[in-house]
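Structure first, then comments.
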Amino acid sequence: MGMNDKYATQEPDRSEIDALEGPAVVEFGAPWCGFCLAAQAPIASAFATHPDVRHIKIEDGSGRRLGRSFKVKLWPTLVFLNNGQEVARLVRPADEKSIRDALRKIDPRGQ
């Protein structure tokens, strides 16, 4: 588990995301997106203290159902889940603190 550094081009079904057990973060974005690239360092720093949180990076775009099911409009969007239920959401996070705060909501054992 821990931070994932590659966007998956094959998106899982929403039912698979809803059935996840434990803490997870679904990150929607694209490898060419400037906002997404800028967010990677703070995301990596925040995840370093939460190694048990599953990180699923999904390449989003036109015609992608999973992003639409989460009503994603801007990238990156991070959806923080606990047992498949959305607990928090960050859109275009720019700082590590906001990401860490959201991670603590789903993984209070993190450092």
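Residues F47 and V87 share a single hydrophobic cluster, defined by chaining ILVMFWY side chains whose heavy atoms lie under 4.5 Å apart. Under the 4.5 Å side-chain contact rule for hydrophobic residues, L90 and F28 do not share a cluster. Cluster annotation: V79 and L20 are assigned to the same hydrophobic cluster (Ile/Leu/Val/Met/Phe/Trp/Tyr, side-chain heavy-atom contacts under 4.5 Å, transitive). Linking ILVMFWY side-chain heavy atoms closer than 4.5 Å, directly or via other members, places I43 and W32 in two distinct hydrophobic clusters. No path of Ile, Leu, Val, Met, Phe, Trp and Tyr side chains, each step under 4.5 Å between heavy atoms, connects V25 with L81, placing them in separate hydrophobic clusters.
Of all heavy-atom pairs spanning C36 and G29, the tightest one is SG-CA, 3.7 Å. The two atoms that bring I58 and I56 nearest to each other are CD1-CG2, 3.6 Å, heavy atoms only. When all heavy atoms of E27 and Q40 are compared, the closest pair comes out as OE2-NE2, 3.0 Å. When all heavy atoms are compared, the tightest approach of P51 to T49 is CD-C, 3.4 Å. A pairwise comparison of heavy atoms in A38 and P42 identifies O-CD, 3.6 Å as the closest pair. Between A102 and A88, the closest heavy-atom pair is CB-CB, 4.2 Å.
In this structure, R64 contributes its side chain and E59 its backbone to a donor-acceptor pair below 3.5 Å. In this structure a side-chain-to-backbone donor-acceptor pair under 3.5 Å is present from D95 to S98.
Taking CH2 from W75 and OH from Y7, the interatomic distance works out to 9.0 Å, rounded to the nearest 0.5 Å. Taking CZ of R100 as the reference point, atom NE2 of H50 lies at 6.5 Å (rounded to 0.5 Å). Note that the NZ atom of K57 and the CG atom of L78 stand 9.0 Å from one another [nearest 0.5 Å]. Here the straight-line distance linking atom CD1 of I106 with atom CD of Q85 works out to 13.0 Å at 0.5 Å rounding. Between atom CG of residue L74 and atom CZ of residue R92 there is a gap of 4.5 Å, rounded to the nearest 0.5 Å. In this structure, NE2 on H55 lies 9.0 Å from CG on L103, to the nearest 0.5 angstrom.
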>> Using the rule given for salt bridge (Lys or Arg N to Asp or Glu O under 4.0 Å), can you reason through D60 versus R68, listing the C-alpha separation, both sets of side-chain angles and the distance that settles it, and then say yes or no?
In response: CA-CA 9 Å; D60 194 34; R68 302 304 70 76; 2.8 Å; yes
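Ion pairing between D107 and R109 holds under the 4.0 Å rule for side-chain N and carboxylate O. Using a 4.0 Å cut-off between charged side-chain N and carboxylate O, D101 and K105 make no salt bridge.
Remark: R14 qualifies as a cation-pi partner of F70 under the 6.0 Å distance and 45° angle criteria applied to the six-membered ring.
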